[in-house]
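Contents: one structure, followed by commentary.
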Amino acid sequence: MANERPKADVVIVGLGWAGSVMAEELTRAGLNVVAIERGAWRDTSTDFPPAVDPDELRWHTRRELLQPMSVETTTFRNKTGQQAAPVRNWNAFQFGWNVGGAGTHWAGMSWRFLPWDFEVATQTAERYGQERLDGLMGEGLQLQDWGVTYEEMAPYYDRFERIAGTSGKAGNLNGEKIKGGNVFEGPREREYPTPQLKDTNWMSMYRDTTEGMGYNPFTIPAGNISQAYVNPLGVTMGPCTYCGFCDFHGCGNFSKSSPQACILPALMRRPNFTVLTETEVLHAVKHEDGKTVKGVKFITREGEEGFQPADVVCITAYQMDNVRLMLLSGIGQQYDPSTERGTIGRNYSYQTCSSVTGFFSGAKMNPFIGGGALGVQIDDFNGDNFDHSDLDFIGGAGIMGYSTNGRPIANMNAIRPGNKRWGSQWKEAYARDYQEVANIFCQGTSMPTRDAYLSLDPTYKDRHGQPLLRLTFDWNRNDKSMIDYTTQKAIEIMREAGGEDIMVDNQTEASWNPYKQHSSHTIGGLVMGSNPATSALNPYLQSWDCHNVFSVGASAFPNNGGYNPTLTVGALAVRAARAIHETYINNPGPLVEA
């Protein structure tokens with residue numbers, strides 16, 4: 001090929017959180033790394049100065065940080081056999097469109113998953129019996145362990161928290177439960193890098209109410225840091241000013257954890273790192289034996305095709321793009337729900353959510369004071385933190401009272417029921433209710449089923465003539481039962497707090513569609529595990545089928561926890577990168593025997 005670049009040790013496809021973390025680890029180990037990012041370069045100082053950050057119309061309403069639909073979309077259907085149609089508006093999916101990826105516009109909630117989340121199958125059988133697990137599997141759930149435990153993940157969680165400057169309060173230090181932190185979290189060896197954020201009025205009300213009900217409230221761990229901080233890479237971050245413009249926005253204060261704020265300033269100084277922006281990888285190219293790949297084929301913004309040879313290919317794009325790139329590269333076998341054979345596209349899950357809104361007459365909630373991860377949560381009904389013996393589901397949800405934003409445009413519909421939605425009466429109602437409204441959000445687990453999966457669409461193609469990715473998904477019974485139960489708990493909390501005119505949005509009450517969702521936490525399709533018959537990647541995120549291909553992202557999660565995925569993605573990236581430079585480079589081959 002005419003445009004063939006010099007060979008790299010490692011080529012990284014997508015420079016969001018996963019790609020940035022891996023590039024940092026690998027270049028620090030001395031490897032020559034080339035990253036290919038289809039979005040443009042964006043820099044904190046020039047793209048997100050504080051005077052530009054709060055432009056809600058530009059960033060949140062028009063979503064200028066997200067990938068344009070004209071570049072690529074997905075197709076969607078609820079069931080096999082239906083004709084899928086292209087998605088025309090980003091809501092459930094929020095693809096990044098610049099260096100930093102979705103790590104630029106995320107909110108900042110920085111959760112470690114529970115120990116149970118990594119071993120759902122094993123721990124369900126141990127606590128409730130093999131018959132209970134078999135029953136769930138018999139109704140279509142595809143429950144499986146991740147091939148890695150929380151204890152194995154803990155050091156990598158710690159590393160990523162240090163890089164990101166996470167704020168919070170420990171609830172389990174080396175097994176000692178600490179009131180005020182999350183007493184249900186897995187044990188951690190040390191405190192968070194920076195202290196927890198401060199309470200707003202609503203957070204204090206929520207904390208007092210839930211504590212009075214016998215629950216265990218704590219401040220959400222945040223990538224919105226609470227004080228000035230220098231991370232292990234020598235990068236300085238500033239304290240959050242609670243401006244409330246985090247998700248869908250950049251952060252000119254260097255307060256929100258992002259690749260731009262935390263990694264790229266160090267990474268870009270390294271002579272063994274190169275980034276190609278506005279360049280799109282079309283697929284990986286296999287060697288003649290089909291057992292390894294020799295690099296990736298790409299196309300520039302000007303339409304010029306090229307080839308980047310490399311010893312190792314790391315696919316670290318958005319969750320759905322990771323799956324699509326593996327399918328376009330012919331790596332692994334497409335999952336077939338009729339036979340349950342194949343692993344690429346298997347175990348797709350979304351996140352099961354609901355919200356409860358209440359109004360407090362005469363209150364001053366001051367919602368303009370906010371942060372992307374500013375909230376108080378109870379985990380008493382998350383994961384397996386409560387007894388499911390007499391319940392018809394597994395899993396649960398974190399239930400949070402939050403102050404994450406006060407965006408005036410987005411909150412225009414948050415007015416009491418019965419008020420007109422236009423004219424002078426609407427203006428009067430909005431002026432009143434902007435101060436008096438409060439929300440509780442249930443963010444729940446989601447378990448995979450054999451009928452939910454990702455595949456290449458046979459009809460629709462992108463601008464390069466390659467098939468779009470097709471999503472086949474609808475809510476399953478287990479997730480519906482779980483969110484009905486936890487939503488009822490949230491309603492009880494709102495009533496106990498004194499909320500009036502309560503409004504409930506349970507997203508599972510209608511079939512899933514990509515236009516009316518409260519979460520972008522879409523996971524699976526390229527899952528990790530210890531069994532190559534049910535996982536695409538081994539526990540080090542290495543392809544079972546091409547041993548020099550690694551893929552990191554939420555695509556690797558076999559099931560979704562009741563949390564945001566970013567911290568787990570970062571921890572998995574650290575773990576995979578260390579496996580590459582500590583083991584694989586010196587002895588190329590499968591890191592785990594099938």
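This is a predicted model, so every value here is computed, not measured. Numbers here simply count residues along the sequence, with the first being 1.
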Point to revise | Arg416 vs Arg432, side chain to side chain contact (heavy atoms under 4.5 Å, CB included): CA-CA, chis, key distance, verdict | key: CA-CA 10 Å; Arg416 283 175 166 82; Arg432 177 195 65 213; 3.2 Å; yes
**Study point:** side chain to side chain donor-acceptor pair (under 3.5 Å) between Asn174 and Glu189, intermediate numbers included
**Key:** CA-CA 5 Å; Asn174 297 307; Glu189 292 188 352; over 6 Å; no
Point to revise | Trace of the side chain to side chain donor-acceptor pair (under 3.5 Å) decision for Asp379 with Asn216 | key: CA-CA 7 Å; Asp379 262 1; Asn216 296 277; over 6 Å; no
Check your understanding: So Thr104 and Asn98, side chain to side chain donor-acceptor pair (under 3.5 Å) or not? Walk me through it.
Key -> CA-CA 8 Å; Thr104 305; Asn98 50 256; 3.1 Å; yes
Review point. Is there a side chain to side chain donor-acceptor pair (under 3.5 Å) between Thr449 and Asn476 once you walk through the steps?
Key: CA-CA 7 Å; Thr449 68; Asn476 63 64; 5.2 Å; no
Check your understanding: Which is it for Val148 and Arg575 under the side chain to side chain contact (heavy atoms under 4.5 Å, CB included) test, yes or no, and what are the steps along the way?
Key -> CA-CA 11 Å; Val148 62; Arg575 189 169 188 268; 3.8 Å; yes
Check your understanding: Which is it for Gln319 and Tyr348 under the side chain to side chain contact (heavy atoms under 4.5 Å, CB included) test, yes or no, and what are the steps along the way?
Key -> CA-CA 10 Å; Gln319 171 258 336; Tyr348 175 82; 3.7 Å; yes
**Study point:** Steps toward side chain to side chain contact (heavy atoms under 4.5 Å, CB included) verdict (Trp59, Val52)
**Key:** CA-CA 10 Å; Trp59 301 120; Val52 172; 3.9 Å; yes
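Cation-pi geometry between Arg407 and Phe245 is not met at under 6.0 angstrom from the ring centre and within 45 degrees of the axis.
Remark: Glu161 does not engage Arg190 in a salt bridge, criterion side-chain N to carboxylate O under 4.0 Å. Under 4.0 Å is where a charged nitrogen must lie from a carboxylate oxygen, and between Arg162 and Asp158 at least one such pair does.
Annotation: side chain of Pro539 is not in contact with side chain of Trp146 (no heavy-atom distance under 4.5 Å). Taking 4.5 Å as the limit, every side-chain heavy atom of Met447 sits out of range of all side-chain heavy atoms of Met482. The shortest distance between side-chain heavy atoms of Leu572 and Val569 does not fall below 4.5 Å. Between Asn91 and Lys516, the closest side-chain pair of non-hydrogen atoms is not below 4.5 Å. In this structure, the side chains of Met365 and Ser403 stay at 4.5 Å or more apart for every pair of heavy atoms. When side chains are defined from C-beta on, Pro558 does not count as touching Asp145, because their heavy atoms never get closer than 4.5 Å.
Of the possible polar contacts, none joining the Trp111 side chain to the Thr568 backbone as a donor-acceptor pair under 3.5 Å is found. Of the possible polar contacts, one joining the Thr352 side chain to the Thr445 backbone as a donor-acceptor pair under 3.5 Å is found. Put simply, the side chain of Trp106 never gets that close to the backbone of Gly101: no donor and acceptor are under 3.5 Å apart. Side chain of Glu436 to main chain of Gly362: a donor-acceptor pair is present (N/O by atom type, distance under 3.5 Å, no hydrogens or angles). Side-chain atoms of Glu56 come within 3.5 Å of backbone atoms of Ile409 as a donor-acceptor pair (strictly under, hydrogens ignored). Judged by distance alone, with hydrogens and angles left aside, the side-chain atoms of Asn411 form no donor-acceptor pair with the main-chain N or O of Tyr434 at under 3.5 Å. Judged by distance alone, the side chain of Tyr128 and the main-chain N or O of His388 form a donor-acceptor pair under 3.5 Å. Using modelled atom types, no side-chain atom of Arg188 and backbone atom of Tyr157 make a donor-acceptor pair closer than 3.5 Å. Judged by distance alone, the side chain of Arg127 and the main-chain N or O of Asp384 form a donor-acceptor pair under 3.5 Å. Of the possible donor and acceptor atoms, one in the side chain of Thr210 sits under 3.5 Å from a partner among the backbone N and O of Arg207.
Between the CE atom in Met213 and the CD atom in Glu496 there is a gap of 5.0 Å [rounded to 0.5 Å]. Between the CZ atom in Phe254 and the CD1 atom in Ile225 there is a gap of 11.5 Å [rounded to 0.5 Å]. A distance of 9.0 Å separates CD of Glu25 from CD1 of Ile263, quoted to the nearest 0.5 Å. Rounding to the nearest 0.5 Å gives a distance of 7.5 Å between OH of Tyr192 and OG1 of Thr166. To the nearest 0.5 Å, the span separating OG on Ser226 from CG on Leu374 amounts to 11.0 Å. Here the CG atom belonging to Asn231 is positioned 9.0 Å from the OG atom belonging to Ser257, to the nearest 0.5 angstrom.
The aromatic rings of Phe95 and Tyr318 lie parallel to each other, their planes meeting at an angle below 30°, with 60° marking the opposite boundary. In this pair, Phe93 and Trp512 present their aromatic rings tilted. The plane angle is within the 30 to 60° band. Under the 30°/60° scheme for interplanar angles, the aromatic rings of Phe118 and Tyr150 are found to be tilted.
The only member of Asp505, Asp484, Thr487 that meets side-chain hydrogen bond (donor to acceptor under 3.5 Å, both in side chains) when paired with Ser354 is Thr487. Checked options Thr122, Leu133, Asn347; the residue passing with Leu143 is Leu133 (criterion: side chain to side chain contact (heavy atoms under 4.5 Å, CB included)). Under the side chain to side chain contact (heavy atoms under 4.5 Å, CB included) test applied with Glu24, the options Leu233, Leu264, Val574 reduce to a single match, Leu233. Partner Phe381 forms a ring pair (Phe, Tyr, Trp, His ring centres under 6.0 Å) with one of Phe393, Tyr215, Phe184 and no other, that one being Tyr215. When His249, Arg42, Lys256 are each tested for a side chain to side chain contact (heavy atoms under 4.5 Å, CB included) with Phe48, only one passes: Arg42.
Phe113 has its ring centre less than 6.0 Å from the ring centre of Phe557.
In this model, a donor atom of one side chain and an acceptor atom of the other lie less than 3.5 Å apart for Ser389 and Asp387. Between the side chains of Gln377 and Asn182, no donor N or O sits under 3.5 Å from an acceptor N or O.
Contact record, Ala576 with Leu541: CB-CB, 4.2 Å, taken as the closest heavy-atom pair. Shown here for Thr219 and Leu197, the closest heavy-atom pair between the two residues is CG2-O, 4.0 Å. For Ala556 against Leu537, the heavy-atom pair with the smallest separation is CB-CD1, 4.3 Å. Residues Pro187 and Gly175 share a closest heavy-atom pair of CB-N, 3.8 Å. Scanning both residues, Thr44 and Ala261, for their nearest heavy atoms gives OG1-N, 4.4 Å. Between Ser167 and Pro195 the shortest heavy-atom distance is CB-O, 3.0 Å.
More than 12 heavy atoms of other shown residues, nucleotides or ligands fall within 6.0 angstrom of atom CD in Gln130. The environment of Phe441 atom CZ is dense: over 12 non-hydrogen atoms of other residues, nucleotides or ligands sit within 6.0 angstrom.
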